[in-house]
Amino acid sequence: MRDFVIMTDSDTEIPYWFADENDIPVFLMPYTLDGKEELFDLGRTTDYKAFYTRLREGAEATTSTRSPIEIQEFFEGIIKNHKDIIYICFSSQLSAHYELALGAREKALANYPDAKIEIVDSVSIAMGAGLLVYHAVKQKKEGKSMTEILAWLEKNKTRSLHYFTVDSLMYLKRTGRLSAMTATIGSILDLKPVLTLTRSGKIVAFDKVKGRRKVVKYLLDKVAENKMDDEESMELAIVCHGDNPEQAQLLKEEMEARFHYKHLWFLDVGPVIGCHAGPGVMAVLILGKEREK
C-alpha cells in the first residue's frame, strides 16, 4: 500500500511549528502590501504587528493566487516519491485557488498516472480549515487510511465553526467578501458585526453587537450553543486575532474558565486573511454542531 501525505495551503493558518512537527508540506499563499508581494509562511518570519500597523496607516493590501504550474510542481514534489496526497484547501467560495488546484492536479496525474491526489474543499478559512488539517493529521498518526480520513473530512467539514468580529466591514467590502450595503449599515450604526461561514463556505454577517464590551460574551455564548462534548470535538479550540491582543486574551481566559478543551491555541491572524478582515479582527473556532445554512 502506498503511503500518503496530508498537505495544505498557508491560508489555513496552521502554525509553522505544527507543520514542522508533523511534516506537513504547505503551499505558501501570497499577499501584496503597497505593491510588494510576500508569501505568508505561517508566522515563521511574519511581523504581525507591523502588518496591521501599516493597514491602520492606510497601506493598500490585496491577495491573489499563484500560478497553476507552481501548484503542479508542489504536488509533483510529493507524488514523484511514490506517495499519494490529501490536499486540504481554502474555501472554494472565497478564492480561485481551489479551481486552480484541481487543474494542477490533472496535469500532475498525467505525468504520474499511478498516483492519487485528493483535493478537499474545506469550505472554511484560516484555522477553521486548520482544524480539519489538525484532525486529519491526528487520524493518520492513529493509523487511519487515506479513504477513512477523506470520508471523515467530507462528513465533518461543516462542523468546523467560525465566529468572528471585525472593527470595520470596509475591508471585507473592498475585497468583495461582503456586500456594500451590509458594510455601510454596520459602519453607520457603530455596530460590531458577527460573521460566520455558511455550509458552502461563504462569509455572512449573521448578527451584530453594540459595542466592544459585549463581543466577548456573545462569542462565548455562541460556543456554548454550538459546541459538542465528545472527546473529538473537545480536542482543540482556537482563539485568534489581528492586533487585538487584549480583547482576544480576555476571550481566551473566559474560554478556559467556561469550557474544558484539551488544547486551546492562541494565534495571530495572518496577513492573507488580515487583508480582508482588517485590524482588530477576533475569532473563535471550534469543531461543533453542523452549520445551519
So does [Y] get a backbone contact from the side chain of [X], meaning a donor-acceptor N/O pair under 3.5 Å?
X: Glu38; Y: Leu33; result: no
X: Lys157; Y: Leu132; result: no
X: Thr147; Y: Ser145; result: no
X: Ser122; Y: Ile88; result: no
X: Asp230; Y: Glu232; result: yes
X: Thr65; Y: Ala96; result: no
X: Thr165; Y: Pro193; result: no
X: Asp9; Y: Phe90; result: yes

Would you say that [X] contacts [Y] through its side chain, given a criterion of any heavy-atom pair below 4.5 Å between the two side chains?
X: Met282; Y: Val215; value: yes
X: Leu250; Y: Gln247; value: no
X: Gln249; Y: Glu246; value: no
X: Ile286; Y: Tyr261; value: yes
X: Val120; Y: Leu150; value: yes
X: Val204; Y: Thr196; value: yes
X: Phe259; Y: Asp229; value: no
X: Val272; Y: Glu13; value: no

Indicate yes or no: does Glu231 engage Lys262 in a salt bridge with an N to O separation below 4.0 Å.
->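 Salt bridge: no.
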If I compare all heavy atoms of [X] with all of [Y], which pair ends up nearest, and what's the gap?
X: Gln93; Y: Gly201; result: CB-O, 3.6 Å
X: Met255; Y: Ala237; result: CE-CB, 4.0 Å
X: Val239; Y: Ala248; result: CG1-O, 3.7 Å
X: Gly128; Y: Leu285; result: N-CD2, 3.3 Å

Spacing of [atom1] belonging to [X] relative to [atom2] belonging to [Y], to within rounding of 0.5 Å:
X: Phe74; Y: Ile79; atom1: CZ; atom2: CD1; result: 12.0 Å
X: Ile14; Y: Asp11; atom1: CD1; atom2: CG; result: 11.5 Å
X: Asp268; Y: Asn244; atom1: CG; atom2: CG; result: 11.0 Å
X: Ile119; Y: Met7; atom1: CD1; atom2: CE; result: 9.5 Å
X: Ser124; Y: Arg291; atom1: OG; atom2: CZ; result: 4.0 Å
X: Leu94; Y: Lys202; atom1: CG; atom2: NZ; result: 9.5 Å

Stepwise, does the side chain to side chain donor-acceptor pair (under 3.5 Å) test hold for Asp41 with Thr46?
-> CA-CA 7 Å; Asp41 61 3; Thr46 309; 3.0 Å; yes
Could you tell me how the ring of Phe51 sits relative to the ring of Tyr31: parallel (under 30°), tilted (30 to 60°) or perpendicular (over 60°)?
->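 Answer is perpendicular, since the angle exceeds 60°.
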Please enumerate all residues that pass salt bridge (Lys or Arg N to Asp or Glu O under 4.0 Å) together with [X], with sequence neighbours excluded.
X: Lys293; answer: none
X: Glu118; answer: none
X: Glu21; answer: none
X: Glu225; answer: Lys222

For [X], ring pair (Phe, Tyr, Trp, His ring centres under 6.0 Å) partners two or more places apart:
X: Phe75; answer: Tyr87
X: His135; answer: Trp152
X: Phe40; answer: none
X: Tyr48; answer: none

Determine whether more than 12 heavy atoms belonging to other residues, nucleotides or ligands lie under 6.0 Å from atom NZ of Lys227.
->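 Counting neighbours around NZ of Lys227, more than 12 heavy atoms of other residues, nucleotides or ligands fall under 6.0 Å, so yes.
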Just checking, is any N or O donor in the side chain of Lys80 or Asn111 under 3.5 Å from an acceptor N or O on the other one?
->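 Looking only at side-chain atoms, Asn111 and Lys80 do not form any donor-acceptor pair under 3.5 Å.
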Is it the case that Arg159 and Ser233 place a side-chain donor and acceptor less than 3.5 Å from each other?
->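 Yes, side-chain donor-acceptor contact under 3.5 Å.
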Using side-chain contact (heavy atoms from CB on, under 4.5 Å) as the criterion, list what pairs up with Asp47, not counting sequence neighbours.
->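 Once residues adjacent in sequence are excluded, the partners of Asp47 under the side-chain contact (heavy atoms from CB on, under 4.5 Å) criterion are Lys49, Ala50.
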Taking only residues two or more places apart in sequence or in another chain, which ones pass side-chain contact (heavy atoms from CB on, under 4.5 Å) with Pro245?
->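 For Pro245, the residues satisfying side-chain contact (heavy atoms from CB on, under 4.5 Å) (neighbours in sequence not counted) are His241, Asp243.
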Do [X] and [Y] belong together in a cluster built from hydrophobic side chains that touch within less than 4.5 Å?
X: Leu39; Y: Tyr16; answer: yes
X: Leu131; Y: Met228; answer: no
X: Trp17; Y: Ile6; answer: yes
X: Val123; Y: Ile238; answer: no

Identify each donor-acceptor pair in which a side-chain atom of residues 100-110 lies under 3.5 Å from a protein atom, sequence neighbours left out, and give them as a table.
| residue | atom | partner | partner atom | Å |
| --- | --- | --- | --- | --- |
| Arg105 | NE | Ile117 | O | 2.4 |
| Arg105 | NH2 | Ile117 | O | 3.4 |

Does Asp23 have any side chain to side chain donor-acceptor pair (under 3.5 Å) partners at least two apart in sequence or in another chain, and if so, which?
->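 Side chain to side chain donor-acceptor pair (under 3.5 Å) list for Asp23, sorted by chain: empty.
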On the ring face of Phe4, is Lys140 found with NZ or CZ under 6.0 Å from the centre and within 45° of the axis?
->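 Yes, cation above the ring, under 6.0 Å and within 45°.
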